[in-house]
There are 2 protein chains.
Amino acid sequence: MDLMSTLSQPRPSFKAQMHRAREDAIVEAASRLLREKGFETMTVDEVAAAVGIAKASLYKHFAGKDDLCTAAVVHGVARLQRFLGELPADLDPLQRLHALLYWLLELQLGEEMALLSERTSALAQALRTCDVYQSAMLEVSRHILGWVAQAQTAGQLRRDLPPDVILCALLARSADPMLAMLRERGYGNAEILAWVIDTCLSGLVQQPGHIET
Amino acid sequence: MDLMSTLSQPRPSFKAQMHRAREDAIVEAASRLLREKGFETMTVDEVAAAVGIAKASLYKHFAGKDDLCTAAVVHGVARLQRFLGELPADLDPLQRLHALLYWLLELQLGEEMALLSERTSALAQALRTCDVYQSAMLEVSRHILGWVAQAQTAGQLRRDLPPDVILCALLARSADPMLAMLRERGYGNAEILAWVIDTCLSGLVQQPGHIET
DNA sequence: GTCTATACAGAGATAGAC
DNA sequence: GTCTATCTCTGTATAGAC
């Protein structure tokens, strides 16, 4: 079996590969702009310009702005799913949650991509009716909820909070304005990351001297 | 001194009073819409319609959308200042911070007004160059930082965090997406409020068994 | 499928009468 | 100061040639 046939296992034609690569480039650009400027402020022109194609060409790939940005968010969730699945096996539940938090916040500090879209945007509405997104988020939630439950039974996380609440407390950090506020005050990314993770997790972990009710 | 002269102490003419009342109504409507829909999504037409006046009339009061929404946010900060100033004198620093958090979150759950504008909106930029807003926020920050410092020396709050960081951790809750996420999952406002305050403060308070470094 | 050029709609802002 | 009617610009989306 030579290199060519190895690379083209399910026989995607070169054309199809290019097509896919182009779409990936578009989604990536859309992700970045979505993160930097938000759904309402970003423009399709900007996305097209960033990729280096004409706007009309972009509309051959995606039906509209909503469709494009939905794809971008789904792409982000897929990355999150991959991250969750690839975590080293030797981490205990709490370490996994810590790693998750780190990953979410680092993403927000870099200008890469958006997970939680702004509550007010039209995109939020589009996502609510997007099956792919909803099922992906459901799986992510289940995955994390499993760890939360484990950490709770292991006595690492507070048992007086519903797992749901802990899940939300963690995921919500990916859009926490605290990071931007600290940035404005001149702090460095490393400090910010450490503080946000610390203050968030400290509110969730089971304290040594805590009295259970 | 009769009633009339009492009511019109600094002699604001009826006309001026009406003018002021009208502007207040406009700002109030803008605040609510800003909170519900965000800066980019809301329209000046909606504000005018909510107040019951024509859009052109609104433009006699405010120079533009930025100006109007800036006024709305400043109005909100002023309310916050009043709240801070009117807290009962018998509360200790930590109780004050708790009350502050409660106030901020309740505001977010009701659909009233916006304090932190979305990071991406054009409004955020406008506020950055608005002296009135900046100085008001500075005073609010100083006020709260004072309580934080007191709570830290009293051993109520963690001393390993800069007061700045604690301040941000508290204020950022006013735009925490965690509330919306919990709402979507069907929880009631009272539960949500309690959990967010709990998880936030638990990460900041000095734990009984904590070892200082 | 990619381009240039254009149609169309929405929203911010203004003109001018009253 | 308030109104109706209008201007103007921007951004989504499409038409049609290649």
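Since the structure is predicted, the reported quantities are computational estimates derived from the model, not experimental observations. We name chains A, B, ... by the order of the sequence lines, and we start the count at 1 in each one.
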State which residues pass ring-ring contact (aromatic ring centres under 6.0 Å, His included) with Tyr133(A); sequence neighbours excluded, sorted by chain then number.
none
Just by modelled atom types, is the Val47(A) backbone N or O under 3.5 Å from a matching donor or acceptor in the Lys55(A) side chain?
no
Do the side chains of Glu28(A) and Arg32(A) get close enough for a salt bridge, i.e. N-O under 4.0 angstrom?
no
Going through the distances and angles, do Trp103(A) and Leu80(A) end up as a side chain to side chain contact (heavy atoms under 4.5 Å, CB included)?
CA-CA 9 Å; Trp103(A) 190 84; Leu80(A) 174 56; 3.4 Å; yes
Contact summary for Val51(B) and Ile26(B), nearest pair of heavy atoms:
CG2-CA, 3.7 Å
Measure CD/Glu46(A) against P/dA13(D) and give the value in whole Å, please.
15 Å
A correct 5'-to-3' footprint of nucleotides 2-18 of chain C, with B, S and - meaning base, sugar-phosphate only and no protein heavy atom under 4.0 Å, is BBB------SBBBB---
